Each structure stands twice: as structure tokens, then as C-alpha cells.
Amino acid sequence: MRKNIIAGNWKMNKDLSEAVKLVSDLKSELDGKTLNAVVIVAPPFVALEAVKSLIKDSPIKLAAQNMHNEDSGAFTGEVSASMLKSVGCEFVILGHSERRTIFNETDEFINCKVKQALANDLLPILCCGESLEERETSKTMEVVEKQIKAGLKDLTNEQIEKTIIAYEPIWAIGTGKTASPEQAQEVHAFIRKLLIEISNESVAENVTIQYGGSVKPDNSKELLSKPDIDGALVGGACLKADSFRDIILSV
Ligand code: PEP
């Protein structure tokens, strides 16, 4: 059965001492609470090891925000899957719209990263989502279908089942504009159908599909109550322990 997963993408925020404070605060906020979701934090690379040591005895799990698809070598500034594993990451966010638009990452490159993550026992959070122009010209499903099919290309059913998908309409990221629960559910249901086409019904039923895009404590409950929305990928609202806690506890 699929799990609800709430992940916080810290992006390029929090230096080492700020990261230590944020995760320590989050740990205290969640202490003694019953959690109905897997909780993940994705700090910047330089804070991964420190954050890992602080979450050791807690339900919080660790993700990286990106990685390279090669094992090692002359790739200045890049980080490999085995490096992420060595500091305790269990998950890695791949194909975030900021990677696609600012750093020109293609579907093919993202697919290589997804395969490399899985080969190294890291669970990928594969992001997809349309721009405002694409939504306004009724291209949402076409864009999402292309990104999902390309991102999951050549994966076995077992690997697809391990992959988490995050639907993040670009127009809703960091803008304060959230997709309505109905708009989000429509795309999530479409993605689930697509997964049946790519793999099979049982795999599709087991894949977690998160929603991302201005998720806040005041809209999370309604979004997360939709049948195909299995958690959230949270940006801005995960940078404060209390607002991230409220989103986590709304599941
Ligand atoms: C994100 O970048 O993944 C995101 C969803 O950001 P925000 O919650 O700030 O819109």
C-alpha cells in the first residue's frame, strides 16, 4: 500500500548552524506526535551529514536535492549517488522544475539520474509539472505525460513502484498560488492512470504521488484529503519548524 510522504525541500537556504537549528526544532515539534506520513527533509548538501546525525533517533528521513548520474570522475561541483548514501540519504529529489528551467536539465538526463539513484538504493522523488502558459493552453496533461514517460523510461515495474512522483505545477511554486484540490486531484488521477499504462494496476496503486506548489498549513488538509494526493513536497513552508509540523500533522 502506498504511503503518505511529506518532504521539505530547503532549496539553497540555511547555513550549517541554521540547518542544525531547524532540524532540531522540527524534531522537538514532532516529538511524541502520532505521524500518519513519512517525514523527509532535504537540506543543502553541506548540511546533510550534520542533519543526519541529529535525526538518527527520530522518524525524520534524509533526502538530497539533486545528484549527478555518473559514479565518479571529472564532474566539478557535482555529487554522486554513492556520496549521498555515504552521508545517510535515503531519498533524492530529481527533475525539480528549478533544475529543469534554471539548469536546463532534460528529461533524458533526469531519466539517467533516476536510474542511477535506484541502482544505488536511493529512492528518487521525480518532479513533474507544467508552466502557466502550458496550463493556459490546455497542455498540462501532455507535458506531464511526456515528463513521466521519459523520467521512468526503461525502469522495471519494481523500480517504478519504488519511485515517488511529485506533481508540482510551476505556476504554483513559490508564488503563493496553489492548485485547487480539484485541479491537483485531476492531474494526480491522470498520472496514476499513466502508471497503469506504463506498468500495471498494482504498481500504479502503490506509487506515492505528492503534490507541491505553495502548500501551507492552511491548505494542506484539503489537498491531502484527495484520493490520489499522497503527501506533499513543500518549499517555503518547510523553512519554519512549526509550519512544517502543521502540514505534517494535517495528514
Ligand atoms: C518546491 O519548490 O518544491 C515547492 C513546492 O515550493 P513552495 O512550497 O515554496 O511553492
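Both counts, for ligands and for their atoms, begin at 1 and track the order of listing. Only a predicted model underlies this, so the values are computations on that prediction, with no experimental measurement involved.
Residues Y167 and E130 have side chains that bring a donor and an acceptor to within less than 3.5 angstrom of each other. Residues D71 and Q116 bring a donor and an acceptor atom of their side chains to less than 3.5 Å of each other. Looking only at atom types and distance, the side chain of S250 has a donor-acceptor partner in the side chain of S220 under 3.5 Å away. Checking Q147 against D107 by side-chain atom types alone, no donor-acceptor pair falls below 3.5 Å. In this model, no donor atom of one side chain and acceptor atom of the other lie less than 3.5 Å apart for N120 and S82. For the residue pair T106 / N104, no side-chain donor-acceptor distance below 3.5 Å is found, with atom types taken as modelled.
When Q210, H96, Q65 are checked for heavy-atom proximity to atom 1 (C) of ligand 1, H96 turns out nearest.
Close N/O approach between K216 and ligand 1 is not found [any backbone or side-chain N/O within under 3.5 Å]. At least one N or O atom of G174 sits closer than 3.5 Å to an N or O atom of ligand 1. Residue T175 places no N or O, backbone or side chain, under 3.5 Å from any N or O of ligand 1.
In this structure, the protein non-hydrogen atom closest to atom 8 (O) of ligand 1 is G235 N, 2.8 Å. In terms of protein heavy atoms, atom 2 (O) of ligand 1 is closest to K11 NZ, 2.4 Å. The nearest heavy-atom contact from the protein to atom 9 (O) of ligand 1 is G236 N, 2.8 Å. Taking atom 5 (C) of ligand 1 as the reference point, the nearest protein heavy-atom neighbour is E168 OE2, 3.1 Å.
Note on E90 versus K85: no salt bridge recorded, every NZ/NE/NH1/NH2 to OD/OE distance being 4.0 Å or above.
Within the listing of ligand 1, atoms 10 (O) sit less than 4.0 angstrom from a heavy atom of A172. Below 4.0 Å from some heavy atom of L233 lie the following atoms of ligand 1, by number and element: 3 (O), 5 (C). Taking every heavy atom of S214 and a limit of under 4.0 angstrom, the matching atoms of ligand 1 come to 7 (P), 8 (O), 10 (O).
In this structure, G213 counts as a contact residue of ligand 1, since one of its heavy atoms falls inside 4.0 Å of the ligand.
In this structure, L152 and T163 have side chains that are in contact, with non-hydrogen atoms separated by less than 4.5 Å.
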